[in-house]
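Notes follow once the structure below has been shown.
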2 protein chains.
Amino acid sequence: MELTPAGLLALYPSLAALPADQLAALCRPEALLRLPAGTQLFAERQPCQGFPLLLEGSIKVVKTAASGREMLLYRVEPGESCIITSSCLLGHAPYTARGEAETPITLLILPSPVFDRLVAEQARFRDFVFHLFSERLAELMQLVEEVAFHRLDQRLAKLLLAKNGDTLHATHQQLAEELGSVREIVSRLLKGFAAQGLVALGREQIGILDRNGLKSLAEAAR
Amino acid sequence: MELTPAGLLALYPSLAALPADQLAALCRPEALLRLPAGTQLFAERQPCQGFPLLLEGSIKVVKTAASGREMLLYRVEPGESCIITSSCLLGHAPYTARGEAETPITLLILPSPVFDRLVAEQARFRDFVFHLFSERLAELMQLVEEVAFHRLDQRLAKLLLAKNGDTLHATHQQLAEELGSVREIVSRLLKGFAAQGLVALGREQIGILDRNGLKSLAEAAR
DNA sequence: AAGCGTATGTAACCTGGGTCACACACCCAC
DNA sequence: GTGGGTGTGTGACCCAGGTTACATACGCTT
């Protein structure tokens, strides 16, 4: 991808206040960081030297249990920032989660001084950063509720609905890892869904047959 | 409580950069908000008109399930801010959790303009705010892990250990609500702890007999 | 002391979901 | 073809924890 100032602003309108020359400087190809899928982003807690903006691809943030089971905390998509990475910069908190590139990704690292100046001078950029934080907080609070109070079939149904498109490509193992469960259970539940005509199962793919059915299952009282 | 500038700074050193007169203005008794225990802070999502600093008391932030079961997400203590409240200000995110004064509390609301100016001009205050956010994020991520992967006895043991002091005053119901469980289970587990000589049970109180024992239980592989 | 409200004990039972141990089934490379 | 890797189906079993339904027990008021 060629990154143009206009393209950058389209993803990050809150950068609008940067002078044109600095914007151009950020867009130089050397400023971009391209990493292959599977890269571990902050497992090794290397000190991050800036505020990362995700331009392309997707990052998943994951907790790993002692047993080896995994669970997705959230994803970072283009237009967002991997605030968790920046948090070690901003908040000096040690994080225990793992960040991993789900796809090949392109990052733009806002150097610390640039970030500091933007936050200090640009109310709009500040709002953007605060917004990122509070979105994540809200998401995590929601996740706690779901894990603590909702049954797995409901969470699975919700997960299926969240993927847009009629058919979705994922292994049962991958779904289990998003939910913090194990493959067998996901298979069992999916079989149940299929028996109710909610989905059609195939190797590495799941066809959504009845969105409304799934939705009502996901929202059922208990 | 009489609030003096020195007292305020002791709790919130990051306010050090405020000019003396403004600091004094914040400390006027009229600026303080005193609320009785049990006050609902942002259930009704009244728009918050500033950034709240907690001076005295403690606030609990709680999720309530459809079934009526509750679960503590985190507490806000003096020296912190109820960022979640401020988040609706900063991030415009709708929150679904409930905030409640656990004890009588004293709040100081930083008016929006003062907050904005501090964040814009004072790197130290900015750091403080970012730090609050990232602490909460880390805590919530930890909580997700515990709820998803740890058994209740381990979480209960950890909870008991977290309270300092040898004996702790709480009903089983209250402990259950912190954990997102129910009274009977907490009673059952506590009975087990007592049988192992880890705790001594009494009406509305629990004596910690063997901290190390509890600790090793809390950290056991599974 | 009678009576009520609140905290606790506790047993029987149920169920969701995790574990184990397989059997297949598909796909691709050789 | 054939054989191995990767995904899936499935049944038997187990266990943590939630539900229901009580029985006490303690402490307070009247």
Side-chain angles (χ1 to χ4, degrees), chain A residues 38 63-71 145-160 167-196 199-207 217-218 220-222, chain B residues 38 63-71 145-160 167-196 199-207 217-218 220-222:
Chain A
K63 268 276 186 193
T64 306
S67 66
R69 263 163 65 196
E70 297 211 336
M71 150 139 220
E145 163 164 357
E146 278 166 16
V147 173
F149 296 134
H150 294 344
R151 276 206 325 268
L152 202 59
D153 55 352
Q154 304 191 321
R155 295 177 52 219
L156 176 57
K158 204 177 158 198
L159 176 59
L160 296 180
T167 65
L168 128 198
H169 298 265
T171 68
H172 299 180
Q173 179 64 40
Q174 286 163 349
L175 296 175
E177 278 171 20
E178 293 212 19
L179 297 169
S181 179
V182 295
R183 201 216 86 217
E184 292 91 324
I185 306 299
V186 170
S187 290
R188 185 196 288 172
L189 292 174
L190 284 174
K191 183 188 164 195
F193 289 179
Q196 294 171 65
V199 301
L201 300 180
R203 186 183 173 84
E204 294 189 55
Q205 65 175 6
I206 297 166
L217 196 160
R222 54 187 317 257
Chain B
K63 267 277 185 192
T64 306
S67 66
R69 264 163 65 194
E70 296 211 337
M71 151 141 221
E145 163 163 356
E146 277 165 18
V147 172
F149 296 133
H150 294 344
R151 276 207 323 269
L152 202 59
D153 55 352
Q154 304 191 320
R155 294 177 53 217
L156 176 57
K158 203 177 157 198
L159 176 60
L160 297 179
T167 65
L168 127 198
H169 298 266
T171 69
H172 299 180
Q173 180 64 41
Q174 286 164 349
L175 296 175
E177 278 171 19
E178 294 212 18
L179 296 169
S181 178
V182 296
R183 201 216 86 217
E184 292 89 328
I185 306 299
V186 170
S187 291
R188 183 198 288 173
L189 292 174
L190 284 174
K191 183 188 164 195
F193 290 179
Q196 295 171 63
V199 302
L201 300 180
R203 186 183 175 83
E204 294 190 56
Q205 66 175 6
I206 297 167
L217 197 160
R222 52 187 320 257

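Each chain gets a letter, A, B and so on, in the order the sequences are listed, and its residues count up from 1. Any value given below was found using the heavy atoms of this structure, including those in side chains, with hydrogens, waters and symmetry copies removed.
B/Glu184 places its CD atom 14 Å from the P atom of C/dA7, with the value rounded to the nearest Å. Taking atom CZ of B/Phe149 as the reference point, atom C1' of D/dA16 lies 16 Å away to the nearest angstrom. The distance from atom CE of B/Met71 to atom P of D/dG18 is 11 Å, rounded to the nearest whole Å. Atom CG in B/Leu168 sits roughly 15 Å away from atom C1' in C/dA7 (whole-Å rounding).
B/Gln205 is listed as a side-chain neighbour of B/His169, based on a closest heavy-atom distance under 4.5 Å. At a threshold of 4.5 Å between non-hydrogen side-chain atoms, the residues B/Glu146 and B/Lys158 count as touching. Put simply, the side chain of B/Ile206 reaches to within 4.5 Å of the side chain of B/Leu201, judged on heavy atoms.
Between the side chains of A/Glu178 and A/Gln174, no donor-acceptor pair is found at a separation under 3.5 Å.
Nearest heavy-atom pair across B/Leu217 and B/Gln196 is CD1-OE1, 4.5 Å. Contact record, A/Phe149 with B/Met71: CZ-CB, 3.6 Å, taken as the closest heavy-atom pair.
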- Task: Output, in order, the C-alpha distance, side-chain angles, deciding distance and verdict of side-chain contact (heavy atoms from CB on, under 4.5 Å) for B/Ile185 and B/Leu179.
- Result: CA-CA 11 Å; B/Ile185 306 299; B/Leu179 296 169; over 6 Å; no

Show me the protein contacts with nucleotides 5-8 of chain D, counting only N or O atoms at under 3.5 Å.
unit_1, atom_1, unit_2, atom_2, d
D/dT6, O2, A/Arg203, NH2, 3.2
D/dT8, OP1, A/Glu204, N, 3.1
D/dT8, OP2, A/His172, N, 2.8

Might you list the N or O atoms of the protein lying below 3.5 Å from N or O atoms in nucleotides 14-17 of chain C, with each pair's distance?
unit_1, atom_1, unit_2, atom_2, d
C/dG17, OP1, A/Leu152, N, 2.5
C/dG17, N7, A/Arg188, NH1, 3.3

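Side-chain atoms of B/Arg69 come within 3.5 Å of backbone atoms of B/Gly180 as a donor-acceptor pair (strictly under, hydrogens ignored).
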